[in-house]
Every structure is written in structure tokens, then in C-alpha cells.
There are 2 protein chains.
Amino acid sequence: MTRIYSKHPKHFVAVDCIIFGYDIIEKELKLLLIKRNFEPAKGKWSLAGGFIAENESMTQAACRVLYQLTGLKNLYMEQSYAYGGVDRDPGARVISVSYFALIKIQSIDKDRQEINGAHWRSIAKLPDLIFDHKRMVDRALAELQNNIKVRPVGFELLPEKFTLVQLQDLYEAIYQRGIDKRNFRKKILSMNLLEKLDEKEKMTSKKGAWYYRFIHQKYIDFKEKGFYFNLDVN
Amino acid sequence: MTRIYSKHPKHFVAVDCIIFGYDIIEKELKLLLIKRNFEPAKGKWSLAGGFIAENESMTQAACRVLYQLTGLKNLYMEQSYAYGGVDRDPGARVISVSYFALIKIQSIDKDRQEINGAHWRSIAKLPDLIFDHKRMVDRALAELQNNIKVRPVGFELLPEKFTLVQLQDLYEAIYQRGIDKRNFRKKILSMNLLEKLDEKEKMTSKKGAWYYRFIHQKYIDFKEKGFYFNLDVN
DNA sequence: CCAAAAGTGTTTTCTCTACACCCATGT
DNA sequence: ACATGGGTGTAGAGAAAACACTTTTGG
């Protein structure tokens, strides 16, 4: 039975992970990139990637790559696109499936990051990336921009408690444009998915801004009732 | 150089094509399915698929599979999703990337279709499909439903000239719900992408309905000016 | 007391929705 | 003349957009 398809060729198949993080201080969307430590293109910047093993599903492979780099499990992760050009990798013909992950920058395992030569780089000024990794990033970013309008994935990039100013800054960083403060607040609050905490963030202003928390369970409940998340504001 | 990655395993990689067509008479969205003529699952219904060859890109493979079945080139085609579960194919571990295509039913090469044992089946009452092909169809259909709201892809499923009634019927078949006639017409016509022809379709009514044509070039021009297609009507 | 950032409502504009009758023609 | 499907407009509701001042407090 295992020889049924044997007249057909086999291929290397890899996963590459586009790892997004949000720098709450610099108000910049960032990407976790690594200095490649093997040939070809050793020393160049690349996405975190790895080959799919014999008895490993593609999803497992993507999770493994992410875990090795960040020490994190159960990340928000989504498949982006499969790249199948014959010459995309000069080392050999490799088919690569890209995944993008959203992670809370502050939750990352610094040691692992060091070991793997990983660095956060602002999406606005990325270095040159190997192969077709820039294309992968562009596509994933476009998907993220669409996604964040219509699903509450922004919260994956923020700490548990965040202020409305921080949330808006995140949206502005991802959309790459300004948003009207009053309209933004009106819309996000009207969805009833945030809980106001009895605590203020006092680092960035004298007055201080109230912390909020995203209530995930409420979103699940609402969704079942046919509610749609929407934060596509001017 | 070609042995660089050789410690890693290789995999069979296939493409599977979800081929949508629209039956203008029965007002039904259809899928082109084939009776599989090889083991495993010989004789069962499946999507059109094929393995990726040595020096063939994934896109080329998908086009080849489509061409073999339909005799058509330059179809509207889009990658849908990569399926990488270890046990998805009982014959061997096969990674499969699905593509969906939109074709004008009447343009198909009947002979090829016969030879390949291909049949149009209504999406509303599909037979059991092999492996995870049903999941592939479900995902592709959801993508089509989203896509058709926001890109003028519906016209790929209709003949060159079509009536507004036919266009609306198509949208109703894909959305699987009714649409208000006046609102639909108002919205599609206000986009200025259709040209009214001096000819009526007289088969289905005594009065006859005006034929229209989609002006693809106009869409390209508008898009450059930041215009967005939208046909998300009640 | 003042600089700096947080927070707050209203009006206008536009888009979406609901809805019912006349038109053309082949039989 | 009538049955059949094609074609048309308007009013009301709701959502999106535009817009500027007050509050708080650390220094």
C-alpha cells in the first residue's frame, strides 16, 4: 500500500513562520527574524523555518518551529500561503508553506531568542530577506490587516491589560494610518467585549489611562448568537 | 549544493482542484467531480488532483490538472489552502494544496470531460467525497462567498453576455439566500462596470431581458484609482 | 499654573433597507 | 386580454464620519 504512489517524485517541504509582535513603547509592528546559521545564504536575515518531518503534520511543524524560537506554545497561528516555485530556494527545490503568528512581545523567552540569533525588526524598515521571504511577509501583513478588522486578533499582540490609547495605537500601526479617537472608542466599547479595570496606566501620562481587558469568553458567546466583530473605523 | 538539505525527509505533494461552475438554467452552483480510476478509493468521487512533478511549479501543476480535465487554459484560479495532516490519504502521506477555479460551464471541452469521468454535481447535494476533499470544498466555497462580495469574480462563472436577472440568480446561488432585486441592480449598476448591449435574452421571458457585459478594463482602471468593488447587498 | 495626554457627544452625511406597481410581449 | 417575468424609485432608519473642548495631575 505504501508504494502505491511511488512513480511520483517527492519534495522537500518546509514551513516558514512570520512572527508578528507589537512594541507598545515605540508603537511599531515588528517581525521576529533570524540570522540564518546554515548554507545557503548563511548569515542573511530570514524567517524562522524548518522542514516537515516524516510523521509530523504541517501544523505541528509550524508549532515546533515557533516553540524552538520563542519557547511559547498555544500561540495564535494561522496558515498563510503555500509557495511552490521551482527555483525559490537556491539550495534545492523546496516547497514552503508560510504561517503567521501573533505574539505578545513581552512573553517571549529571551534565552531561546538569543541562542537562535533572533531579533525583532520594525516592519516599516525591514532588512533584505532571503529567497521569497519578503513576499511571504507582504502577504501575511495584508492578511493581518484584513483579519484585524473583522476578528479580535489585535489582543493577541497586546498584554493582558491595555489602555484604549494602546489599542488604538496598535490599530494605527497595522493599518498604517490615523484613526479618529472618538469614533474608535465608540465602536470598540459598543461591542461590549472589553472590561474596564480599576487600575490606571501611569507611565505615559500624568492623568493616567484606564486599563481594559478583552473578555474572550464573551466574544465566543456573542459569535454563537450571530454577532460579528467589526473594527473597520475611519 | 543539491545535497545540502539531504538529511531531511521528502514528501509527496499534490494539488487538488475545486472547480466551480454555474448552471444558468437550473440556477445552481456546481462542482466538477471525477470518479477516481486508481487505488486507493478507486471508483469513489473526488476532486481533480495530481502530483507535483520534479520541475513543475505548484501553479503549473494546478493548471495542468485543470487543462487535462477541461481543455481550458487561463482560467480564473486561486490557491485555497495547504492540507498537511499525516493520515489524510490512506495510500501514503501526501501533502495537498487545494486550488479553486471558476469556469464558464458552457466553455468546457466535453470530450475530455467524458474521458476523465468528470461530472458536474450540484453543490447543494454533493455525493460523499474521498479523504478530506469535503473539507477542501467547504473552505473553498467559503472563500468564494467572501471573494464574490468584494471582487468581480462572479463574471468568470457567466457567459460573456448575461442579464441582470442571471447575475442576481448567480449571487443568490452562491450566497444561498434571496436578494432584493431593486437594491441589487442599483448597486451593481452604480459601479459603472457593466455595459448594456443592444440585445435581449428572450428564452426565459416574453418581454426579454437586456444583455450586459462586464468591462474588465474599467475595473482595472477604477482599482488603480482606489475604487473598491462591493456587492454585499441585503 | 501650565504642559501633556486622556476622555467625552452631537450633528451631518451617507449608505442600507424595505417596499409595490407598471411594462412589454407571446400565446 | 391575460399571464409571465422584467424593470423601476422613494422614504425612513441606521451607520459612518467629521469635529473641539474639558479633565486630570505631575512637575
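On a predicted model such as this, the values are computed, not experimentally measured, just so you know. Order of the sequence lines sets the chain letters (A, B, ...), proteins ahead of strands, with each chain counted from 1.
Under the 6.0 Å cut-off for aromatic ring centres, B:W45 and B:H119 qualify, their centroids lying closer than that. Separation of the A:Y83 and A:Y81 ring centroids falls under the 6.0 Å cut-off. B:F155 has its ring centre less than 6.0 Å from the ring centre of B:F162.
Contacts classified as side chain to side chain donor-acceptor pair (under 3.5 Å) and involving residues 219-228 of chain B (residues at least two apart or in different chains) are given here: B:Q217-B:D221. Within the structure, side chain to side chain donor-acceptor pair (under 3.5 Å) pairs that include any residue of residues 17-26 of chain A do not occur (at least two apart or interchain). Applying the side chain to side chain donor-acceptor pair (under 3.5 Å) test to pairs two or more places apart or on separate chains, those with a residue in residues 155-164 of chain B are B:K161-B:E199. Within the structure, every pair that satisfies the side chain to side chain donor-acceptor pair (under 3.5 Å) test and touches residues 202-211 of chain A, not counting sequence neighbours, is listed here: A:E201-A:T204.
Below 30°, between 30° and 60°, or above 60°: for B:Y76 and B:F100 the angle between ring planes is between 30° and 60°, a tilted geometry.
The side-chain hydrogen bond (donor to acceptor under 3.5 Å, both in side chains) test applied to B:K187 returns B:N230, not counting sequence neighbours. For B:Y175, the side-chain hydrogen bond (donor to acceptor under 3.5 Å, both in side chains) criterion is met by no residue, not counting sequence neighbours. Partners of A:Y99 according to the ring-ring contact (aromatic ring centres under 6.0 Å, His included) rule, which considers only residues two or more places apart in sequence or in another chain, do not exist here. Remark: A:F184 engages A:Y171 in a ring-ring contact (aromatic ring centres under 6.0 Å, His included) (not counting sequence neighbours).
If you check residues 222-234 of chain A against DNA chain C, you find no residue with a heavy atom closer than 4.0 Å. Using a 4.0 Å cutoff on non-hydrogen atoms, the parts of residues 162-183 of chain B near DNA chain D are B:V165, B:K181, B:R182, ordered by number.
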Protein-nucleotides 12-15 of chain D N/O pairs under 3.5 Å:
none

Show each protein N/O and nucleotides 22-25 of chain D N/O combination with a separation under 3.5 Å, one pair to a line.
unit_1: D:dT23; atom_1: O2; unit_2: A:K207; atom_2: NZ; d: 3.0

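Residues A:M58 and A:V15 share a closest heavy-atom pair of O-CG1, 4.0 Å.
Here C:dT8 presents its P atom at 11 Å from CH2 of A:W210, a figure rounded to the nearest Å.
Each of A:K186 and B:T204 lies near DNA chain D, and the nucleotide nearest B:T204 is the one positioned closer to the 5' end.
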